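Just follow the structure's listing: the first ligand is 1, and inside any ligand the first atom is 1. Just so we're clear, the structure is a prediction, and the values are computed from it rather than from any experiment.
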Amino acid sequence: MKLAGGSTLLVASHNPGKVREIAELLAAHGVGVHGAAELGLEEPEETGATFAENAALKARAAAAASGLVALADDSGLSVTALAGAPGIYSARWAGPKKDFAVAMARVERELQGKGARDPSAKFVCALALAAPSGETEIFEGEVHGRLVFPPRGDRGFGYDPIFVADGLHETFGEIEPTRKHAISHRARAFEKFARAVFAP
Ligand code: IMP
């Protein structure tokens, strides 16, 4: 799928932070953005078994309801010694109060419970671009690293304070946001997306 400058894309997210971040990335390509909340669209239930499936079902539902090309993302932390958990349940591990101190403590507890010595983990981001016809393309990005406890730094969000990317010593919660954005799973997925839809 190709997107022309001057076109408008629907970002299938009710998270204003996500919509803003995506709008900034797309503005550089002359593409405008609407958010799902702005158009009064409902959020579908995330019933997929993978990041890609969840991103695709959000993008397809939004494209079908709006008649616009829609972009959705689904992301999370995948811990090797926990067989990929929390994975697609990353947000849900934080509970109804979205408390990531609780979620990070659960990761630590589950690793200890398993006597796990392997601290390796990765963040994964799947972006899905869907047309109103249902045609869908997926772009995935990952950043590999290891987990550290206790959590360090208050600059990022979610699981950032326990994640140290390969080649770094500080957590994603400690480094400058611009450094994180240069290497993050989301940035890598976006690079693939931009190469596919904007390249001549
Ligand atoms: P989603 O909004 O359903 O895709 O949930 C993504 C969840 O994964 C977030 O709530 C965070 O817990 C976690 N997550 C995704 N990306 C990051 C990141 O860059 N840093 C820290 N946590 C992340």
Side-chain angles (χ1 to χ4, degrees), residues 11-22 24-25 35-37 41-62 70-79 82 84-108 110 119-129 138-166 168 170-191 193:
V11 179
S13 170
H14 286 250
N15 176 337
K18 241 185 218 180
V19 176
R20 193 181 339 108
E21 202 176 299
I22 295 174
E24 284 166 11
L25 285 156
L41 301 182
E42 301 223 342
E43 275 187 291
E45 222 186 307
E46 296 188 14
T47 52
T50 62
F51 294 112
E53 281 176 20
N54 279 337
L57 68 86
K58 287 188 273 189
R60 282 201 198 108
L71 182 69
D73 98 330
D74 202 60
S75 56
L77 178 73
S78 172
V79 181
L82 300 181
I88 56 168
Y89 302 104
S90 293
R92 283 167 263 184
W93 276 30
K97 292 190 182 140
K98 300 198 167 125
D99 185 345
F100 282 92
V102 168
M104 291 187 285
R106 177 163 171 197
V107 172
E108 183 176 24
E110 297 215 0
S120 65
K122 62 184 177 182
F123 278 124
V124 180
C125 174
L127 284 174
L129 184 69
I138 306 282
F139 309 93
E140 278 193 296
E142 298 186 350
V143 56
H144 293 243
R146 64 180 194 281
L147 300 180
V148 293
F149 298 96
R152 304 192 319 239
D154 54 12
R155 296 185 109 141
F157 70 98
Y159 298 87
D160 279 342
I162 57 171
F163 185 82
V164 177
D166 285 348
L168 301 186
E170 298 162 291
T171 69
F172 267 4
E174 293 175 306
I175 62 174
E176 285 281 341
T178 49
R179 284 178 68 205
K180 178 186 166 185
H181 294 149
I183 60 167
S184 77
H185 47 313
R186 206 164 286 106
R188 287 177 175 157
F190 261 100
E191 275 163 28
F193 160 77

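The protein non-hydrogen atom at the shortest distance from atom 22 (N) of ligand 1 is Y159 N, 3.2 Å. With hydrogens left out, the protein atom closest to atom 3 (O) of ligand 1 is D74 OD1, 3.4 Å, a heavy atom. Annotation: atom 16 (N) of ligand 1 to nearest protein heavy atom, R186 NH2, 2.9 Å. The protein heavy-atom contact nearest to atom 20 (N) of ligand 1 is D160 OD1, 2.6 Å. The single protein non-hydrogen atom nearest to atom 4 (O) of ligand 1 is S75 N, 3.0 Å, given as residue, atom name and distance.
Under 4.0 Å is where a charged nitrogen must lie from a carboxylate oxygen, and between R20 and E24 no such pair does. Between D160 and K180 there is a salt bridge, since at least one side-chain N of the basic residue sits less than 4.0 Å from a carboxylate O of the acidic one. Residues K58 and E46 are paired through a salt bridge, judged by an N-O separation under 4.0 Å between the basic side chain and the carboxylate. A salt bridge is absent between R188 and E140: the closest approach of a Lys/Arg side-chain nitrogen to an acidic carboxylate oxygen does not fall below 4.0 angstrom.
With a 6.0 Å radius and a threshold of 12 heavy atoms from other residues, nucleotides or ligands, F149 has its CZ atom above the threshold.
For the pair K180 and ligand 1, the shortest N or O to N or O distance falls below 3.5 Å.
Ligand-side atoms of ligand 1 in range of K18: 1 (P), 2 (O), 4 (O), range being under 4.0 angstrom from any heavy atom. Distances below 4.0 Å separate heavy atoms of G158 from the following atoms of ligand 1: 21 (C), 22 (N).
Between K98 and ligand 1 there is no heavy-atom distance shorter than 4.0 Å. Put simply, part of F157 is less than 4.0 Å from ligand 1, judged by heavy atoms.
Contacts between F163 and ligand 1 below 4.0 angstrom, taking non-hydrogen atoms only, are absent altogether.
Aromatic ring orientation, F172 versus F123: parallel (interplanar angle below 30°, classes split at 30° and 60°).
Residues passing the side chain to side chain donor-acceptor pair (under 3.5 Å) test with H144, sequence neighbours excluded: E142. Shown here are the side chain to side chain donor-acceptor pair (under 3.5 Å) partners of T50, two or more places apart in sequence or in another chain: there are none.
The residue from F100, Y89, F172, F51 that puts a heavy atom closest to atom 12 (O) of ligand 1 is F100.
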